[in-house]
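In what follows, a single structure is set out as structure tokens and then discussed.
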Amino acid sequence: MESTKMPQPPKSDYSKHIFSEETWKLLNEIMFEHKIKKGSYLFAENEISNRLFYVSKGQLKMTKMTDDGKEIMIHLFREGDLLGEFGSLDEGKHCFSAVAKEDCIIDVIYLEDLDFILSNNGKAAMEFVRWMARKNQITNLKLRDLLLYGKKGALCSTLIRLSNSFGEVEGNGITIKINLTNQEFSDMIGTSRETVNRMLAALKKEKVIDHDENGLLRILNLQYLRDECHCELCPLEVCRI
């Protein structure tokens, strides 16, 4: 089966495709640098949400703990991503946790400083409205894929999103330039590691995926994945992990 190649989305400075240069100049004036080590929390669920975070270097995962103690991975963030939650400056709390997958450099923006900018710059305010709408769209579409098309469809959707966020076209496939364990795959689609093992093995047998010499996952047949999750060919900036 032939592979289907995909145009490559921006791999860095993703948020700068939403915000104008003028807005970034304003944000740079209120940002300060914060470094965290691999495995450390940037923020935890139920902590006060009074900051936004721009990933200058490194990767983070956003997780949610279920009532039965299972951790679900909601998002993966990389260089160029902006994350955090808007809420009341006094009472808003994080609904998720963010953990560093590797050593990270984070630029921090306090919401009270951002509030001053948005109150005095209508263009920046509209761009942040657009950013929040895009965040919600990404999350809602991920939930749709997880709920409507079964575990296999959810895995195929996740592989497509990973290829958009971390993929590079190499030879006859798209190599996902991030190391993920099968446990992390299971955390992303809400199933057991054993189920993920079986599904990945089946996809490999059907030559939909394989691994390169470094153990990185490669997608060989993108159209197969699209068919399994009823892909609607959303814009690349929306179809992200």
Side-chain angles (χ1 to χ4, degrees), residues 1-4 6 38-39 41 44-45 59-78 95-102 136-168 170 172-234 236 238-241:
M1 302 177 75
E2 293 185 352
S3 65
T4 304
M6 174 182 291
K38 178 179 178 180
Y41 279 80
E45 192 173 340
Q59 298 172 2
L60 297 136
K61 62 179 181 179
M62 182 175 282
T63 64
K64 176 75 174 179
M65 192 67 69
T66 64
D67 290 340
D68 60 359
K70 180 175 177 58
E71 185 178 78
I72 303 296
M73 191 187 305
I74 308 297
H75 292 290
L76 282 171
F77 296 105
R78 59 168 299 155
C95 298
F96 310 99
S97 299
V99 183
K101 280 183 62 63
E102 59 188 33
N136 289 335
Q137 186 180 20
I138 291 170
T139 300
N140 290 339
L141 289 174
K142 284 184 66 177
L143 291 175
R144 177 203 66 185
D145 293 346
L146 293 175
L147 294 173
L148 292 184
Y149 303 119
K151 299 304 181 185
K152 185 177 181 181
L155 177 61
C156 291
S157 169
T158 297
L159 290 171
I160 293 172
R161 292 174 186 277
L162 284 168
S163 75
N164 289 341
S165 297
F166 296 94
E168 293 184 9
E170 295 181 343
N172 66 335
I174 301 173
T175 303
I176 298 175
K177 298 290 188 172
I178 179 175
N179 283 305
L180 291 169
T181 66
N182 286 5
Q183 181 61 56
E184 287 176 314
F185 273 110
S186 72
D187 292 342
M188 283 190 276
I189 66 174
T191 190
S192 68
R193 185 178 59 186
E194 291 74 19
T195 299
V196 168
N197 292 345
R198 290 195 297 271
M199 291 191 295
L200 289 175
L203 290 175
K204 190 169 185 178
K205 184 176 181 181
E206 295 183 67
K207 301 188 184 305
V208 177
I209 62 171
D210 69 1
H211 291 84
D212 69 8
E213 63 276 10
N214 298 313
L216 295 175
L217 192 146
R218 299 174 70 246
I219 295 174
L220 303 177
N221 190 338
L222 187 61
Q223 190 58 49
Y224 179 100
L225 301 178
R226 288 172 170 168
D227 292 341
E228 285 295 323
C229 67
H230 303 265
C231 177
E232 297 179 5
L233 297 177
C234 298
L236 295 180
V238 173
C239 187
R240 295 170 56 84
I241 197 63

Nearest heavy atoms of Met65 and Glu71, plus distance in Å = SD-N, 3.9 Å

Could you please spell out the steps behind the salt bridge (charged side-chain N to carboxylate O under 4.0 Å, His left out) verdict for Lys101 and Glu184?
-> CA-CA 11 Å; Lys101 280 183 62 63; Glu184 287 176 314; 2.8 Å; yes

Gap separating the CG atom of Leu155 from the CG atom of Leu159, nearest 0.5 angstrom = 4.5 Å

Gly190 and Lys151: which non-hydrogen atoms are nearest, and at how many Å?
-> O-NZ, 3.0 Å

Indicate yes or no: at least one non-hydrogen side-chain atom of Phe166 is less than 4.5 angstrom from one of Thr175.
-> no

Distance, nearest 0.5 Å, that separates CD of Gln137 from CG of Leu141 = 5.5 Å

Is the number of heavy atoms from other residues, nucleotides or ligands within 6.0 Å of CZ (Arg193) greater than 12?
-> no

Could you grab the distance from atom CG of Leu76 to atom CD1 of Ile178, nearest 0.5 Å is fine?
-> 5.0 Å

Which residues pass the salt bridge (charged side-chain N to carboxylate O under 4.0 Å, His left out) test with Lys177, sequence neighbours left out?
-> Glu170

Which pair of heavy atoms, one from Ser163 and one from Ile219, lies closest together, and at what distance?
-> CB-CD1, 3.8 Å

Separation of Thr63 OG1 from Met188 CE (nearest 0.5 Å) | 12.5 Å

Contacts of Lys61 meeting side chain to side chain donor-acceptor pair (under 3.5 Å) (sequence neighbours excluded), chain-then-number -> none

Closest non-hydrogen contact found for Cys239 with Asn164 is O-ND2, 2.6 Å

Nearest heavy-atom contact between Gly153 and Cys229 is O-CB, 3.4 Å

Of Ile72, Thr195, Thr158, which meets side-chain contact (heavy atoms from CB on, under 4.5 Å) against Ile189?
-> Thr158

Stepwise salt bridge (charged side-chain N to carboxylate O under 4.0 Å, His left out) check, Arg218 with Asp212 = CA-CA 7 Å; Arg218 299 174 70 246; Asp212 69 8; 5.7 Å; no

Roughly how far, to the nearest 0.5 Å, is SG of Cys234 from CD1 of Ile160?
-> 10.0 Å

Could you walk me through whether Thr139 and His75 pass the side-chain hydrogen bond (donor to acceptor under 3.5 Å, both in side chains) check?
-> CA-CA 9 Å; Thr139 300; His75 292 290; 3.2 Å; yes

Polar side chain donor-acceptor pair, Ser157 to His230, under 3.5 angstrom = no

So which heavy atom on Ile138 is nearest to which on Val238, and how close?
-> CG1-O, 3.4 Å

Atom OH in Tyr149, atom SG in Cys231: separation rounded to 0.5 Å?
-> 10.0 Å

By side chain to side chain contact (heavy atoms under 4.5 Å, CB included), which residues pair with Ala201, not counting sequence neighbours?
-> none

If only atom types and distance count, is the side chain of Lys142 paired as donor or acceptor with the main-chain N or O of Ile241 below 3.5 Å?
-> yes

Side chains of Arg240 and Arg161: does their closest heavy-atom pair fall under 4.5 Å?
-> no

